[in-house]
Colleague: 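I'd like to ask you about the structure that follows.
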There are 2 protein chains.
Amino acid sequence: MGSRPTIVHVAKEAGLSKATVARVLNQQTDISVRKETRLRVQSAAESLGYVPNKLAASLRSSRTNNIAISISDISNPFFPELVRGAQDTLSKRGYNMIILNNDWDQETEREQFNVIKRTLVDGVILAPSRLDLDLSCLGTIPVIILGNSDAYPSYDSIGNNSRAGVELAFERLHSLKHRRIGLVLGGSSKLETSAWRIQIYRDFHQKHGLMLDENLITRCKFTVRASDSFIMARDPIKRLLKLERRPTAIFASNDILALSVLQVANELGIAVPNELSVIGMGDVFAASASSPPLTTICKQRYKLGKLAAERLLDLLSSPEIVAQKAPLKIRLACKLIERGTTSIL
Amino acid sequence: MGSRPTIVHVAKEAGLSKATVARVLNQQTDISVRKETRLRVQSAAESLGYVPNKLAASLRSSRTNNIAISISDISNPFFPELVRGAQDTLSKRGYNMIILNNDWDQETEREQFNVIKRTLVDGVILAPSRLDLDLSCLGTIPVIILGNSDAYPSYDSIGNNSRAGVELAFERLHSLKHRRIGLVLGGSSKLETSAWRIQIYRDFHQKHGLMLDENLITRCKFTVRASDSFIMARDPIKRLLKLERRPTAIFASNDILALSVLQVANELGIAVPNELSVIGMGDVFAASASSPPLTTICKQRYKLGKLAAERLLDLLSSPEIVAQKAPLKIRLACKLIERGTTSIL
DNA sequence: GAAAACAATGAGAACGTTCTCATAGGGAGT
DNA sequence: ACTCCCTATGAGAACGTTCTCATTGTTTTC
C-alpha cells in the first residue's frame, strides 16, 4: 500500500507508456521525444515523488554503477585519502563505491572476490594483499591494480614510484653530508618484502663508495593497526639509536616508523635535526603535525585514487578501444617534502 | 554465450526446478529438502561455477544487504576507525557498506539522500552535516544518527559524551594546579557551534571561583581538510602563546588543533609539558605519534561505529519489536589518555 | 499521389531471483 | 480402502526496470 510509485504509476499518471517515461527519465539525448511529452512525464514524476529503482534498472541493463575498492584497511593512514580521490571522481559520474578491507589476509580477500561477483560491480580497484593473487575468478570485470609491483603484467596498474622515492631520500641525506645513514624497515606484510629497499640501500652505498654497516639496518614488525606498529617499532629503534657509533641520519620506510624514530630520539635526548636527521615516507597527516614536522617522501595518495578511478571510467565507457592497447602502467613521482627533521651535518 | 550460469542452469543440470535449487542455496533451515537433493544441487552449482545474482535477489525480496554510511569526510582522521568498526560488524553479517562523503555540505548531502533512495539500502548510519536536516525523505529506511546532539529525538542516536569529556579535561588541568587555562576552538563547521564548549569553560571557571580571561579563548578556522586546518590554526595559536601572561595549560577542542599548539610551542621555545600543558580531544593516530605524545580525551571511534552497526542490524532483524521502544540514545564515555603533554604546575 | 522515410510512442519480453500456491507421493489413522 | 496429513518438489507470478521491435501518424521524395 505505502510502497513507492513505480514507472508504471508515472506512466499512468502521464497517460503514456512506461517506455516513453523511461526515455524521458534517462535523458537519452539520441532519442526523440516531444517537448510536451517530456514535460508531462516530468511533472507526473514530480507529483508522485517518483524515485527510480536502481536494482531493477541494474538487473535489466547489467550495469550497476557500483565499483568496489579492495584495500588492506581503511583505518591505515595511507588509504583514506586514496579512497577519497577515487570516490570524488566516481561520484561525479554517478558511481557509488563499496569499500572492502582485506586486512592483508588472503582468506578475507578471497571472500571479497565472491562479494564482488555476487554484487555485480562494474569495476574493481584493487590493492592486492600479495603479489601472487589469482585474479581470473573476477572474470571480465575491469580491474585496476594499485601499487608499484610488476606482478600483474596484464592489468592496468597505477602506483607511486617508490623506488625512485627511496633513492631520492638517500641522495638528499648524502647531499647533506650524511655518510652514516640508518635504514628502518617495516616487515611482515606479505606485500612489502622490503628486499628491494635494501637493494637500493646497497646500491646507494656502492655508488658513493661508502662502507655499508649491517648494524644500521633495522627491521620492525609492522602490523595491521598503525598505532600498534608505532609502539612495536620502539625497541628496535632504541637499539639503533644506542649504538656506540650511531647514525647521523635515518631513512624509515614509512612515516609511522619515522615518527617512532622521532619519539625515541626525543626521549633519549637526541636533538632532531641537529644531531639526527630523519626522513620518512608517505606523508600521512601525522607527519606534518609532529614537532619538528617530519621531512618525508610524499606519496601522492589522492591523485593515485583519482587516476585509478579515471582509468576505470575510461575502461567502462569504451571497453573495446582501451582493451586493445597495452595495459596502462603509471608510476607517480614521489616528491621530497623537506620539513624540520633534516639538516646538514 | 559467455554469460554466467543462472539458477535455471543449475536446476537443469541437477534435474530439478529452480524453486528447489533456491531452497538449497539459501540454507533455509525451516524448509524440508531431501539430503540427496541437496547434494545434487550443490554439486551442480559447484560444477557450473554458479554465483548467485544479488541484484535479482534484492529486486525480488527487496532486501539489498547494503547499508549506507553518510559522513563528512573519510579522510578526516576521525572517521576511518569509526567506519571500520561499523564495517567489521556489518560484513560479519553479510552486509556491504556504501560510504558517502558530504563535506559538511548540505547540497551534497541532499544529493546523497537521493542516492540512498535510488539504491535501496536496507539502512543508514548518518553523521548529519547539520542539526536541522529533514530526514523524512528517507521514508521508512531505518536510520541511526551518529553524534551527541539531541536534534533528532525520534531517531536512535549514538555518540560520544563530549560534554563530559571536555569537563574531564578542565578538571584534570585544575587538579594539576593550572589556573590559567587557554581554550582553542575550531569553528566554521555548522555542526560544531562550539558554543557549548565555551559554556562548559565558563561553568568550570565559576565552579572553581576562577577569573575568566576572554583573551584565552582562541578561535581557529576549521575546514574540510585536516592538514589545512592544522596550518590555519597556527596564527591564532601563536597570538595566544605570545600573550604577556600566557596560559600555563591549553585545552584544544580536537587533536589537530592541539598538535598545532604543540608545534607552535616548539617553535617558540616553550617547553611542553614543563612550561605548558596541552590536552587535545579525539585521540587520532597523530596524537600518539607526536613528541611528546599528546595527552588527549579519547573518543571511542571504533566502538561508536560498531554499536551503530549493531543497533542497525537489530532494527533490521526485528523492526516491529525495536520500533515500539523509545529511541535508543547511547553516549559513550570519553576517557582521559594521559601521555606526555601534561604535568603539574 | 503513392512510396518511402522519419519521428514519436506503445506493447511486451527479458533480466535472475524469491515467493506463493499447487501437486505428487507415501504413510498413519479409522 | 478411504480420507487426512505431511513431506518434497514443481509451476509460474512477481519484482521494476531496460530494450527491442512494432505501430501510428506525419513529412519528404520522385
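Order of the sequence lines fixes the chain letters, A, B, ..., with proteins taken first and strands second; residue numbering starts at 1 for each chain.
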Colleague: Side chains of Arg23(A) and Thr37(A): do they bring a donor and an acceptor to under 3.5 Å?
Modeller: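 No, because no side-chain N or O of Arg23(A) sits under 3.5 Å from a partner of the opposite role on Thr37(A).
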
Colleague: Can Ser157(A) and Arg331(A) be counted as having a side-chain donor-acceptor contact under 3.5 angstrom?
Modeller: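 A donor-acceptor contact under 3.5 Å links the two side chains.
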
Colleague: Quick one: salt bridge (charged side-chain N to carboxylate O under 4.0 Å, His left out) partners of Arg84(B), sequence neighbours excluded?
Modeller: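 Partners of Arg84(B) under the salt bridge (charged side-chain N to carboxylate O under 4.0 Å, His left out) test: Asp73(A), Asp103(A), Asp88(B).
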
Colleague: Under 3.5 Å, side-chain donor or acceptor atoms of residues 138-146 of chain B against the rest of the protein: list the pairs with distances, not counting sequence neighbours.
Modeller:
none

Colleague: If I take atom CZ in residue Arg118(B) and atom P in nucleotide dG16(D), what distance separates them, rounded to the nearest angstrom?
Modeller: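 Distance check: Arg118(B) CZ to dG16(D) P gives 17 Å.
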
Colleague: For Arg38(A) and dT9(C), what is the distance between atoms CZ and C1' respectively, to the nearest whole Å?
Modeller: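 Distance, rounded to whole Å: 13 Å.
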
Colleague: Under 3.5 Å, which protein N or O atoms sit close to an N or O of nucleotides 10-13 of chain D? Give each pair with its distance.
Modeller:
unit_1  : atom_1 : unit_2   : atom_2 : d
dG10(D) : OP2    : Ser17(B) : N      : 2.7
dG10(D) : OP2    : Ser17(B) : OG     : 3.1
dG10(D) : OP2    : Thr20(B) : OG1    : 2.8
dG10(D) : N7     : Arg23(B) : NH2    : 3.0
dA13(D) : N6     : Lys18(B) : NZ     : 3.0

Colleague: Can you tell me the distance, in whole Å, between the NZ atom of Lys54(B) and the C1' atom of dT18(C)?
Modeller: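 Roughly 15 Å, once rounded to whole Å.
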
Colleague: Rounded to whole angstrom units, what separation is found between the CZ atom of Arg63(A) and the C1' atom of dT18(D)?
Modeller: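 Those two atoms, CZ and C1', are 9 Å apart.
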
Colleague: State whether a side-chain donor-acceptor pair under 3.5 Å links Glu310(B) with Thr89(B).
Modeller: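 Absent: no donor and acceptor within the cut-off.
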
Colleague: Side chains of Thr64(A) and Asp122(A): is there a donor and an acceptor less than 3.5 Å apart?
Modeller: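 The criterion, which ignores hydrogens and geometry beyond distance, is satisfied for Asp122(A) and Thr64(A).
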
Colleague: Taking the nucleotide of DNA chain D with the nearest heavy atom to each, does Thr37(B) or Thr6(A) sit closer to the 5' end?
Modeller: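 Residue closer to the 5' terminus by nearest nucleotide: Thr37(B).
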
Colleague: Can you tell me the distance, in whole Å, between the CG atom of Leu55(B) and the C1' atom of dA14(C)?
Modeller: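 The distance from CG of Leu55(B) to C1' of dA14(C) comes to 15 Å, rounded to the nearest Å.
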
Colleague: Atom NE2 of His9(A) and atom C1' of dT17(D): how far apart are they, to the nearest Å?
Modeller: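 Computing the His9(A):NE2 to dT17(D):C1' distance gives 14 Å.
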
Colleague: Output the rounded distance in Å from CZ (Arg34(A)) to P (dT24(D)).
Modeller: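 So the two atoms are 17 Å apart, to the nearest Å.
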
Colleague: Rounded to whole angstroms, how far apart are CG on Asn53(B) and C1' on dG16(C)?
Modeller: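 My rounded result for the distance is 6 Å.
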
